[in-house]
Amino acid sequence: MALRIPPLGQSPLVRRICGGLLLAVTVALVPAAAAAGFVVAAFATASVPLLAATGLAVAAVVAALLGGAALSLLGKGGLRATAALTGILLLGVTSLAAATVFRPMPTPAAGRVPSDVRFWNLPTGSRVAYVHAPAVGTPRPTPVIFLHGGPGTPAEGIPTGGRELAADGFEVYSYDQVGAGRSSRLSDVTGYTVARQVADLDAIRRLLGADRIVLVGQSWGGSLAAQYLRAHAPHVAKAVFTSPGALWGREYPGSKAGEPWDGLTPAQRSRRDDLDSRPRLITASLLLGVNPRAAHALAGDRELDHWMHELALLGKNTTSCVGAAPTEAHNNPQGFYSNQMTVKDFEQLPDPRPVLRGVHVPSLILRGQCDFVKPEVTQEYRRTLPDSRLVRVLGAGHAIAHAQPRLYTALLRAFLLDKPLPAPEAPGSGVPGAGHASPTGP
(Lines give C-alpha, C1' and ligand atoms only; values in the text may rest on other atoms or scores of the structure.)
Protein backbone atom coordinates (compact mmCIF):
# COMPACT_ATOMS: atom_id res chain seq x y z
CA MET A 1 0.00 0.00 0.00
CA ALA A 2 1.40 3.41 -1.00
CA LEU A 3 2.10 5.95 1.84
CA ARG A 4 0.40 9.29 1.16
CA ILE A 5 2.16 12.36 2.61
CA PRO A 6 -0.22 15.33 3.10
CA PRO A 7 0.79 18.67 1.50
CA LEU A 8 2.80 20.92 3.78
CA GLY A 9 -0.06 23.38 4.28
CA GLN A 10 -2.41 20.58 5.35
CA SER A 11 -0.08 19.15 8.00
CA PRO A 12 -1.72 19.45 11.46
CA LEU A 13 1.60 20.45 12.99
CA VAL A 14 2.19 23.23 10.46
CA ARG A 15 -1.39 24.47 10.90
CA ARG A 16 -0.92 24.61 14.67
CA ILE A 17 2.37 26.47 14.28
CA CYS A 18 0.82 28.96 11.88
CA GLY A 19 -2.18 29.32 14.15
CA GLY A 20 0.03 30.00 17.15
CA LEU A 21 2.05 32.59 15.27
CA LEU A 22 -1.10 34.31 13.98
CA LEU A 23 -2.53 34.34 17.50
CA ALA A 24 0.62 36.01 18.81
CA VAL A 25 0.42 38.58 16.02
CA THR A 26 -3.23 39.19 16.89
CA VAL A 27 -2.42 39.82 20.54
CA ALA A 28 0.25 42.35 19.50
CA LEU A 29 -1.84 44.05 16.81
CA VAL A 30 -5.06 44.55 18.75
CA PRO A 31 -3.68 47.27 21.10
CA ALA A 32 -1.99 48.96 18.13
CA ALA A 33 -5.25 48.86 16.17
CA ALA A 34 -7.10 50.38 19.13
CA ALA A 35 -4.54 53.19 19.39
CA ALA A 36 -4.69 53.85 15.64
CA GLY A 37 -8.48 53.96 15.67
CA PHE A 38 -8.41 56.30 18.69
CA VAL A 39 -6.07 58.79 16.99
CA VAL A 40 -7.57 58.59 13.49
CA ALA A 41 -11.06 59.22 14.87
CA ALA A 42 -9.77 62.57 16.15
CA PHE A 43 -9.93 63.82 12.57
CA ALA A 44 -13.72 63.75 12.99
CA THR A 45 -14.36 64.44 16.67
CA ALA A 46 -12.80 65.78 19.86
CA SER A 47 -15.04 63.64 22.11
CA VAL A 48 -12.85 61.30 24.15
CA PRO A 49 -15.67 58.75 24.68
CA LEU A 50 -16.21 58.58 20.90
CA LEU A 51 -12.47 58.25 20.34
CA ALA A 52 -12.33 55.40 22.85
CA ALA A 53 -15.38 53.68 21.33
CA THR A 54 -13.85 53.91 17.86
CA GLY A 55 -10.58 52.51 19.10
CA LEU A 56 -12.36 49.56 20.73
CA ALA A 57 -14.45 48.95 17.61
CA VAL A 58 -11.36 48.80 15.41
CA ALA A 59 -9.66 46.54 17.94
CA ALA A 60 -12.72 44.25 17.98
CA VAL A 61 -12.69 43.90 14.20
CA VAL A 62 -8.98 43.06 14.15
CA ALA A 63 -9.39 40.62 17.04
CA ALA A 64 -12.35 38.87 15.40
CA LEU A 65 -10.80 38.55 11.93
CA LEU A 66 -7.26 37.61 12.88
CA GLY A 67 -8.16 35.82 16.10
CA GLY A 68 -10.87 33.79 14.36
CA ALA A 69 -8.42 32.73 11.66
CA ALA A 70 -5.83 31.78 14.28
CA LEU A 71 -8.35 29.67 16.22
CA SER A 72 -9.45 27.95 13.04
CA LEU A 73 -5.87 26.95 12.29
CA LEU A 74 -5.55 25.66 15.83
CA GLY A 75 -8.67 23.57 15.37
CA LYS A 76 -10.65 25.57 17.90
CA GLY A 77 -12.65 27.76 15.52
CA GLY A 78 -16.23 28.76 15.86
CA LEU A 79 -18.27 31.84 16.64
CA ARG A 80 -18.31 31.24 20.39
CA ALA A 81 -14.54 30.77 20.64
CA THR A 82 -13.89 33.83 18.46
CA ALA A 83 -16.24 35.96 20.56
CA ALA A 84 -14.56 34.79 23.76
CA LEU A 85 -11.09 35.59 22.42
CA THR A 86 -12.26 39.00 21.20
CA GLY A 87 -13.75 39.76 24.61
CA ILE A 88 -10.56 38.77 26.40
CA LEU A 89 -8.41 40.92 24.11
CA LEU A 90 -10.73 43.92 24.46
CA LEU A 91 -10.66 43.55 28.23
CA GLY A 92 -6.86 43.58 28.06
CA VAL A 93 -6.83 46.68 25.84
CA THR A 94 -9.26 48.46 28.17
CA SER A 95 -7.18 47.62 31.23
CA LEU A 96 -3.98 48.73 29.52
CA ALA A 97 -5.53 52.03 28.41
CA ALA A 98 -6.96 52.68 31.87
CA ALA A 99 -3.52 52.20 33.42
CA THR A 100 -1.69 54.38 30.87
CA VAL A 101 -3.48 56.74 28.48
CA PHE A 102 -6.49 57.37 30.73
CA ARG A 103 -4.51 57.61 33.94
CA PRO A 104 -4.11 61.33 34.80
CA MET A 105 -0.62 62.63 35.42
CA PRO A 106 0.21 64.33 38.75
CA THR A 107 -1.81 67.50 39.30
CA PRO A 108 -0.88 69.38 42.49
CA ALA A 109 -3.20 71.86 44.10
CA ALA A 110 -2.92 75.44 42.90
CA GLY A 111 -0.48 77.51 44.92
CA ARG A 112 -1.26 80.68 46.81
CA VAL A 113 -1.53 83.81 44.68
CA PRO A 114 0.99 86.43 45.87
CA SER A 115 -0.59 89.51 47.40
CA ASP A 116 0.86 91.85 44.77
CA VAL A 117 -0.78 90.04 41.84
CA ARG A 118 -3.71 91.83 40.24
CA PHE A 119 -5.92 90.97 37.26
CA TRP A 120 -7.06 92.73 34.10
CA ASN A 121 -10.24 91.60 32.33
CA LEU A 122 -9.42 92.51 28.76
CA PRO A 123 -11.98 93.12 25.99
CA THR A 124 -10.31 90.26 24.08
CA GLY A 125 -11.76 87.87 26.66
CA SER A 126 -8.46 87.24 28.44
CA ARG A 127 -8.21 87.51 32.21
CA VAL A 128 -4.60 88.52 32.69
CA ALA A 129 -2.56 88.40 35.89
CA TYR A 130 -0.02 91.18 36.37
CA VAL A 131 2.23 92.95 38.84
CA HIS A 132 2.85 96.68 38.94
CA ALA A 133 5.68 98.82 40.25
CA PRO A 134 4.23 102.36 40.42
CA ALA A 135 6.27 105.31 39.26
CA VAL A 136 7.98 107.45 41.86
CA GLY A 137 7.11 111.11 41.48
CA THR A 138 5.45 112.36 38.32
CA PRO A 139 4.90 109.36 36.03
CA ARG A 140 6.44 109.43 32.59
CA PRO A 141 3.93 109.07 29.74
CA THR A 142 5.37 105.77 28.47
CA PRO A 143 4.76 102.76 30.73
CA VAL A 144 7.29 99.92 30.61
CA ILE A 145 5.82 96.47 29.93
CA PHE A 146 7.95 93.35 30.41
CA LEU A 147 7.13 90.37 28.18
CA HIS A 148 8.10 86.92 29.44
CA GLY A 149 9.48 84.05 27.39
CA GLY A 150 8.28 80.64 26.38
CA PRO A 151 5.68 80.96 25.05
CA GLY A 152 4.05 79.88 28.26
CA THR A 153 6.93 80.31 30.72
CA PRO A 154 6.04 83.25 32.96
CA ALA A 155 8.22 85.06 35.45
CA GLU A 156 7.35 85.85 39.05
CA GLY A 157 7.16 89.31 40.59
CA ILE A 158 8.67 92.55 39.32
CA PRO A 159 11.47 91.67 36.85
CA THR A 160 15.08 92.68 37.45
CA GLY A 161 15.47 96.39 36.79
CA GLY A 162 11.78 97.09 37.15
CA ARG A 163 11.91 98.81 40.52
CA GLU A 164 14.84 100.98 39.44
CA LEU A 165 12.88 102.05 36.37
CA ALA A 166 9.92 102.85 38.62
CA ALA A 167 12.24 105.01 40.70
CA ASP A 168 13.13 106.81 37.46
CA GLY A 169 9.47 107.71 36.95
CA PHE A 170 8.26 104.82 34.76
CA GLU A 171 5.09 102.88 35.47
CA VAL A 172 6.33 99.28 35.26
CA TYR A 173 4.18 96.26 34.49
CA SER A 174 4.84 92.56 34.00
CA TYR A 175 2.00 90.22 33.07
CA ASP A 176 1.36 86.54 32.45
CA GLN A 177 0.39 86.03 28.82
CA VAL A 178 -2.95 84.31 28.28
CA GLY A 179 -2.64 80.58 28.83
CA ALA A 180 0.33 80.93 31.18
CA GLY A 181 0.98 81.69 34.82
CA ARG A 182 -2.11 82.84 36.70
CA SER A 183 -3.84 84.19 33.61
CA SER A 184 -6.91 82.47 32.18
CA ARG A 185 -6.76 79.37 30.00
CA LEU A 186 -8.77 79.21 26.78
CA SER A 187 -11.46 76.56 26.46
CA ASP A 188 -10.58 76.26 22.77
CA VAL A 189 -6.81 75.79 22.58
CA THR A 190 -6.73 76.71 18.88
CA GLY A 191 -7.26 80.28 20.09
CA TYR A 192 -3.64 80.47 21.26
CA THR A 193 -2.15 82.47 18.40
CA VAL A 194 0.37 85.24 17.99
CA ALA A 195 -2.46 87.51 16.87
CA ARG A 196 -4.24 86.86 20.20
CA GLN A 197 -1.07 87.72 22.14
CA VAL A 198 -0.62 90.92 20.12
CA ALA A 199 -4.28 91.85 20.61
CA ASP A 200 -3.98 91.28 24.38
CA LEU A 201 -0.90 93.50 24.55
CA ASP A 202 -2.60 96.29 22.63
CA ALA A 203 -5.66 95.95 24.86
CA ILE A 204 -3.37 96.41 27.87
CA ARG A 205 -1.90 99.55 26.30
CA ARG A 206 -5.37 100.96 25.78
CA LEU A 207 -6.44 100.01 29.30
CA LEU A 208 -3.44 101.91 30.67
CA GLY A 209 -4.46 104.94 28.62
CA ALA A 210 -1.00 105.14 27.04
CA ASP A 211 -0.50 106.28 23.47
CA ARG A 212 2.97 104.74 23.45
CA ILE A 213 4.66 102.08 25.56
CA VAL A 214 8.15 100.71 26.14
CA LEU A 215 8.51 96.96 25.57
CA VAL A 216 11.15 94.76 27.24
CA GLY A 217 10.95 91.25 25.79
CA GLN A 218 12.90 88.26 27.11
CA SER A 219 13.46 85.30 24.73
CA TRP A 220 10.03 84.58 23.19
CA GLY A 221 8.99 87.94 24.65
CA GLY A 222 11.41 89.50 22.15
CA SER A 223 9.70 87.67 19.29
CA LEU A 224 6.34 88.91 20.58
CA ALA A 225 7.65 92.47 20.88
CA ALA A 226 8.74 92.30 17.23
CA GLN A 227 5.29 91.09 16.20
CA TYR A 228 3.71 93.96 18.13
CA LEU A 229 6.11 96.38 16.44
CA ARG A 230 5.07 95.00 13.07
CA ALA A 231 1.40 95.61 13.85
CA HIS A 232 1.50 98.73 16.07
CA ALA A 233 4.82 100.51 15.60
CA PRO A 234 3.40 104.02 16.22
CA HIS A 235 2.47 102.92 19.74
CA VAL A 236 5.99 101.82 20.74
CA ALA A 237 8.36 104.45 22.13
CA LYS A 238 11.31 102.09 22.60
CA ALA A 239 11.96 98.36 22.60
CA VAL A 240 14.48 96.15 24.37
CA PHE A 241 15.10 92.65 23.06
CA THR A 242 16.82 90.52 25.71
CA SER A 243 18.19 87.23 24.35
CA PRO A 244 15.39 87.31 21.76
CA GLY A 245 14.01 84.25 20.04
CA ALA A 246 13.60 83.98 16.29
CA LEU A 247 12.41 87.07 14.46
CA TRP A 248 10.63 84.91 11.86
CA GLY A 249 9.41 81.56 13.14
CA ARG A 250 9.31 79.87 9.76
CA GLU A 251 13.02 80.51 9.28
CA TYR A 252 13.91 78.75 12.54
CA PRO A 253 11.26 76.08 13.25
CA GLY A 254 11.52 73.78 16.22
CA SER A 255 14.91 74.04 17.90
CA LYS A 256 16.79 75.34 14.86
CA ALA A 257 17.28 78.68 16.59
CA GLY A 258 19.21 76.90 19.34
CA GLU A 259 19.01 73.81 21.56
CA PRO A 260 18.49 74.64 25.25
CA TRP A 261 18.82 71.02 26.39
CA ASP A 262 22.40 70.33 25.35
CA GLY A 263 23.68 71.12 28.85
CA LEU A 264 21.74 68.37 30.63
CA THR A 265 23.73 65.95 32.77
CA PRO A 266 23.23 62.19 32.22
CA ALA A 267 20.96 62.06 35.25
CA GLN A 268 18.92 64.99 33.94
CA ARG A 269 18.67 63.37 30.51
CA SER A 270 17.35 60.22 32.13
CA ARG A 271 14.78 62.26 34.03
CA ARG A 272 13.74 64.06 30.84
CA ASP A 273 13.34 60.73 29.04
CA ASP A 274 11.08 59.63 31.87
CA LEU A 275 8.98 62.79 31.59
CA ASP A 276 8.75 62.52 27.80
CA SER A 277 7.83 58.82 27.75
CA ARG A 278 4.57 59.03 29.69
CA PRO A 279 1.88 57.33 27.54
CA ARG A 280 -0.74 59.98 28.28
CA LEU A 281 1.63 62.73 27.16
CA ILE A 282 2.59 60.82 24.00
CA THR A 283 -1.07 60.32 23.14
CA ALA A 284 -1.89 63.97 23.74
CA SER A 285 1.07 64.97 21.56
CA LEU A 286 -0.18 62.74 18.73
CA LEU A 287 -3.66 64.25 19.05
CA LEU A 288 -2.20 67.78 18.95
CA GLY A 289 -1.08 67.10 15.40
CA VAL A 290 -4.54 65.83 14.41
CA ASN A 291 -7.06 67.73 16.52
CA PRO A 292 -5.78 69.99 19.32
CA ARG A 293 -9.25 70.13 20.87
CA ALA A 294 -9.15 66.35 21.29
CA ALA A 295 -5.75 66.58 22.98
CA HIS A 296 -7.14 69.17 25.40
CA ALA A 297 -10.21 67.03 26.08
CA LEU A 298 -7.97 64.08 26.95
CA ALA A 299 -5.34 65.87 29.05
CA GLY A 300 -6.37 69.20 30.55
CA ASP A 301 -4.41 72.32 31.37
CA ARG A 302 -3.52 71.62 34.97
CA GLU A 303 -1.82 68.28 34.48
CA LEU A 304 0.11 69.28 31.33
CA ASP A 305 1.01 72.68 32.81
CA HIS A 306 2.48 70.80 35.76
CA TRP A 307 4.34 68.42 33.43
CA MET A 308 5.81 71.45 31.65
CA HIS A 309 6.73 72.98 35.01
CA GLU A 310 8.66 69.82 35.93
CA LEU A 311 10.47 70.01 32.60
CA ALA A 312 11.28 73.69 33.11
CA LEU A 313 12.72 73.00 36.58
CA LEU A 314 14.88 70.27 35.07
CA GLY A 315 16.42 72.64 32.54
CA LYS A 316 16.43 75.92 34.45
CA ASN A 317 20.23 76.03 34.73
CA THR A 318 21.18 74.55 31.35
CA THR A 319 21.19 77.88 29.48
CA SER A 320 23.64 79.67 31.77
CA CYS A 321 27.40 79.98 31.53
CA VAL A 322 29.42 77.15 33.09
CA GLY A 323 29.82 77.75 36.82
CA ALA A 324 26.99 80.28 37.05
CA ALA A 325 24.87 80.45 40.18
CA PRO A 326 21.69 78.34 40.01
CA THR A 327 18.53 80.05 38.86
CA GLU A 328 15.94 80.43 41.62
CA ALA A 329 12.79 78.40 40.99
CA HIS A 330 9.28 79.80 41.35
CA ASN A 331 5.78 78.34 41.36
CA ASN A 332 4.07 80.49 38.75
CA PRO A 333 2.54 77.80 36.50
CA GLN A 334 3.73 77.11 32.98
CA GLY A 335 1.29 77.02 30.06
CA PHE A 336 1.57 73.85 27.95
CA TYR A 337 -1.12 74.51 25.35
CA SER A 338 -0.21 78.18 25.07
CA ASN A 339 3.33 77.04 24.32
CA GLN A 340 2.46 74.35 21.80
CA MET A 341 -0.21 76.21 19.87
CA THR A 342 1.44 79.64 19.84
CA VAL A 343 4.70 78.16 18.56
CA LYS A 344 2.82 76.27 15.85
CA ASP A 345 1.09 79.48 14.77
CA PHE A 346 4.32 81.50 14.98
CA GLU A 347 6.02 79.13 12.55
CA GLN A 348 3.28 79.72 9.99
CA LEU A 349 3.28 83.53 10.00
CA PRO A 350 4.50 85.59 7.04
CA ASP A 351 7.95 87.16 7.14
CA PRO A 352 7.77 90.31 9.35
CA ARG A 353 11.13 91.69 8.19
CA PRO A 354 9.92 93.69 5.16
CA VAL A 355 7.64 95.73 7.45
CA LEU A 356 10.14 95.97 10.32
CA ARG A 357 12.85 97.36 8.05
CA GLY A 358 10.75 100.48 7.81
CA VAL A 359 10.06 100.78 11.54
CA HIS A 360 12.09 103.56 13.15
CA VAL A 361 11.75 102.77 16.84
CA PRO A 362 14.88 103.03 19.04
CA SER A 363 15.74 99.46 20.00
CA LEU A 364 18.34 97.83 22.23
CA ILE A 365 19.29 94.19 21.58
CA LEU A 366 21.09 92.30 24.34
CA ARG A 367 22.90 89.01 23.81
CA GLY A 368 24.65 86.98 26.51
CA GLN A 369 28.06 85.46 25.88
CA CYS A 370 26.79 81.92 26.58
CA ASP A 371 23.33 82.23 25.05
CA PHE A 372 22.22 78.95 23.47
CA VAL A 373 20.35 80.89 20.78
CA LYS A 374 22.46 81.04 17.63
CA PRO A 375 24.26 84.37 17.06
CA GLU A 376 22.70 84.80 13.64
CA VAL A 377 19.23 84.74 15.24
CA THR A 378 20.13 87.72 17.44
CA GLN A 379 21.95 89.51 14.63
CA GLU A 380 18.82 89.29 12.49
CA TYR A 381 17.24 91.89 14.80
CA ARG A 382 20.20 94.23 14.35
CA ARG A 383 20.15 93.83 10.56
CA THR A 384 16.38 94.33 10.34
CA LEU A 385 15.61 97.15 12.77
CA PRO A 386 17.17 100.37 11.42
CA ASP A 387 17.37 102.24 14.76
CA SER A 388 18.81 99.40 16.81
CA ARG A 389 22.06 98.59 18.52
CA LEU A 390 23.37 95.25 19.72
CA VAL A 391 25.16 94.80 23.03
CA ARG A 392 27.01 91.59 23.89
CA VAL A 393 27.24 90.84 27.60
CA LEU A 394 30.08 88.67 28.87
CA GLY A 395 29.48 86.28 31.72
CA ALA A 396 25.81 85.86 30.89
CA GLY A 397 23.79 83.11 29.27
CA HIS A 398 20.22 83.25 28.04
CA ALA A 399 18.99 84.93 31.24
CA ILE A 400 21.14 88.06 31.26
CA ALA A 401 19.14 89.60 34.10
CA HIS A 402 19.99 86.64 36.32
CA ALA A 403 23.68 86.43 35.48
CA GLN A 404 24.46 90.16 35.35
CA PRO A 405 21.63 91.95 37.20
CA ARG A 406 23.48 95.21 37.92
CA LEU A 407 24.80 95.58 34.40
CA TYR A 408 21.44 94.60 32.93
CA THR A 409 19.67 97.20 35.05
CA ALA A 410 22.26 99.85 34.13
CA LEU A 411 21.78 99.09 30.42
CA LEU A 412 17.99 99.36 30.70
CA ARG A 413 18.12 102.63 32.61
CA ALA A 414 20.69 104.24 30.34
CA PHE A 415 18.82 103.27 27.19
CA LEU A 416 15.41 104.39 28.41
CA LEU A 417 16.75 107.64 29.90
CA ASP A 418 18.70 108.49 26.72
CA LYS A 419 22.06 108.30 28.49
CA PRO A 420 25.29 106.70 27.21
CA LEU A 421 25.33 102.95 27.70
CA PRO A 422 27.65 101.70 30.45
CA ALA A 423 31.27 101.41 29.41
CA PRO A 424 32.69 97.87 29.35
CA GLU A 425 34.07 96.68 32.65
CA ALA A 426 37.53 95.15 32.59
CA PRO A 427 37.44 91.45 33.44
CA GLY A 428 38.38 90.88 37.07
CA SER A 429 37.44 94.43 38.06
CA GLY A 430 35.91 93.10 41.24
CA VAL A 431 32.72 95.06 40.73
CA PRO A 432 29.85 92.85 42.00
CA GLY A 433 27.57 91.91 39.15
CA ALA A 434 29.76 93.62 36.59
CA GLY A 435 30.08 92.22 33.11
CA HIS A 436 31.42 93.29 29.78
CA ALA A 437 29.06 95.29 27.61
CA SER A 438 30.25 95.46 24.03
CA PRO A 439 27.99 97.77 21.99
CA THR A 440 27.79 97.49 18.21
CA GLY A 441 25.72 99.47 15.79
CA PRO A 442 24.74 103.13 15.79
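The basis for the numbers below is simple: all heavy atoms, side chains too, and nothing from hydrogens, waters or symmetry mates.
Under the 4.0 Å criterion applied to side-chain N and carboxylate O atoms, Asp305 and Arg302 are not assigned as salt-bridge partners. Salt-bridge annotation for Arg182 and Glu156: present, with a side-chain N of the basic residue lying under 4.0 Å from a carboxylate O of the acidic one.
Remark: the backbone N or O of Leu288 is not paired with any side-chain donor or acceptor of Gln340 at under 3.5 angstrom. Looking only at distances, no side-chain donor or acceptor of Ser72 sits under 3.5 Å from a matching main-chain atom of Ala69. Of the possible polar contacts, one joining the Gln268 side chain to the Thr265 backbone as a donor-acceptor pair under 3.5 Å is found. Side-chain atoms of His235 come within 3.5 Å of backbone N or O of Asp211 as a donor-acceptor pair. Ser255 places no side-chain N or O within 3.5 Å of a backbone atom of Gly258 that could act as its donor or acceptor partner. Asn317 contributes a side-chain N or O that, together with a main-chain N or O of Thr327, makes up a donor-acceptor pair within less than 3.5 Å. A donor-acceptor pair is defined here as one N or O able to donate and one able to accept, closer than 3.5 Å; no such pair exists between the side chain of His330 and the backbone of Gly157.
In plain terms, the two heavy atoms of Ala246 and Ser223 that are nearest each other are O-OG, 2.8 Å. Ser183 and Val178 make their closest contact through CB-CA, 4.1 Å (heavy atoms, listed as atom of the first residue, atom of the second, distance). Scanning both residues, Asn291 and Ala42, for their nearest heavy atoms gives ND2-O, 3.0 Å. Closest non-hydrogen pair, Leu90 versus Ala59, comes out as CD2-CB, 3.7 Å. Between Arg103 and Arg280, the shortest heavy-atom distance links the atoms O-CD, 3.1 Å. For Arg382 against Leu390, the heavy-atom pair with the smallest separation is CD-N, 4.0 Å.
Taking the six-membered ring where the residue is Trp, the centroids of Trp220 and Phe346 are separated by under 6.0 Å.
For the pair Tyr175 and Ile145, the minimum side-chain heavy-atom distance is below 4.5 Å. In this structure, Leu73 and Arg16 have side chains that are not in contact, with every pair of non-hydrogen atoms separated by 4.5 Å or more. Looking at heavy atoms from C-beta onward, Leu356 lies in side-chain contact with Leu247 at the 4.5 angstrom threshold. Here the side chains of Leu298 and Val101 are in contact, with some heavy-atom distance below 4.5 Å. With a 4.5 Å cut-off on side-chain heavy atoms, Leu23 and Leu85 count as touching. Put simply, the side chain of Pro106 does not reach to within 4.5 Å of the side chain of Glu303, judged on heavy atoms. Residues Pro352 and Gln227 meet the side-chain proximity criterion, which asks for heavy atoms closer than 4.5 Å. Side-chain contact between Leu229 and Leu215: absent, with no pair of heavy atoms (C-beta onward) separated by less than 4.5 Å.
A side-chain hydrogen bond (donor to acceptor under 3.5 Å, both in side chains) check over residues 358-369, counting only residues at least two apart or in different chains, returns the pairs His360-Asp387, Arg367-Thr378.
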Practice task
Take Gln334 and Asn339 through the side chain to side chain contact (heavy atoms under 4.5 Å, CB included) test and state the conclusion after the steps.
Solution key: CA-CA 9 Å; Gln334 315 291 313; Asn339 174 273; over 6 Å; no
Practice task
Please test Arg127 against Leu122 for side chain to side chain contact (heavy atoms under 4.5 Å, CB included), starting from the C-alpha separation and ending with a verdict.
Solution key: CA-CA 6 Å; Arg127 177 174 166 81; Leu122 303 180; over 6 Å; no
Problem - Trp307 vs Leu275, side chain to side chain contact (heavy atoms under 4.5 Å, CB included): CA-CA, chis, key distance, verdict - result: CA-CA 8 Å; Trp307 173 87; Leu275 289 171; 3.6 Å; yes
Handout entry: Derivation and outcome, side chain to side chain contact (heavy atoms under 4.5 Å, CB included), residues Asp262 and Phe372
Key = CA-CA 9 Å; Asp262 286 344; Phe372 72 88; over 6 Å; no
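Open room surrounds CZ on Arg206; 12 or fewer heavy atoms of other groups in view lie less than 6.0 Å from it. Within a 6.0 Å sphere centred on CG of Asp116, other residues, nucleotides and ligands contribute more than 12 heavy atoms. Applying the 6.0 Å contact sphere to CZ of Arg271 captures more than 12 heavy atoms from other residues, nucleotides or ligands.
Atom OG of Ser126 sits about 6.0 Å away from atom CG of Leu186, to the nearest 0.5 Å. Considering OG of Ser270 and CG of Leu314, their distance stands at 10.0 Å, rounded to 0.5 Å. Distance check, rounded to the nearest 0.5 Å: OG of Ser277 to CD1 of Ile282 gives 6.0 Å. Atoms CG and OG1, on Leu366 and Thr242 in that order, are 4.5 Å from each other to the nearest 0.5 Å. Atom CG of Asp351 is separated from atom CD of Glu251 by 7.5 Å, given to the nearest 0.5 angstrom. For the atom pair CE (Met341) and OG1 (Thr190), the distance works out to 6.0 Å, reported to the nearest 0.5 Å.
Residues satisfying the ring-ring contact (aromatic ring centres under 6.0 Å, His included) test with Phe146, not counting sequence neighbours, are none. With sequence neighbours left out, the ring-ring contact (aromatic ring centres under 6.0 Å, His included) criterion links Tyr192 to no other residue. Looking at residues two or more places apart in sequence or on another chain, you find a ring-ring contact (aromatic ring centres under 6.0 Å, His included) between Tyr228 and His232. When the side-chain contact (heavy atoms from CB on, under 4.5 Å) test is applied to Thr193, the partners found at least two apart in sequence or on another chain are Ala195, Arg196, Asp345. Applying the side-chain contact (heavy atoms from CB on, under 4.5 Å) criterion to Thr142, with sequence neighbours excluded, gives Phe170, Arg212, Val214, Ala237.
With a 6.0 Å cutoff to the six-membered ring centre and a 45° limit on the axis angle, Arg118 does not count as a cation-pi contact of Tyr130. A cation-pi contact links Lys238 to Phe415, judged by a cut-off of 6.0 Å to the six-membered ring centre and 45° from its axis. Geometric assessment of Arg272 against the ring of Trp261 yields a positive cation-pi assignment under the 6.0 Å and 45° thresholds.
Below 30°, between 30° and 60°, or above 60°: for Tyr337 and His296 the angle between ring planes is above 60°, a perpendicular geometry.
Residues Glu171 and His132 have side chains that bring a donor and an acceptor to within less than 3.5 angstrom of each other. When only modelled atom types and interatomic distance are considered, His398 and Ser219 share a side-chain donor-acceptor pair under 3.5 Å.
Looking at Lys374, Arg353, Arg357 one by one, the single match for salt bridge (charged side-chain N to carboxylate O under 4.0 Å, His left out) with Glu380 turns out to be Arg353.
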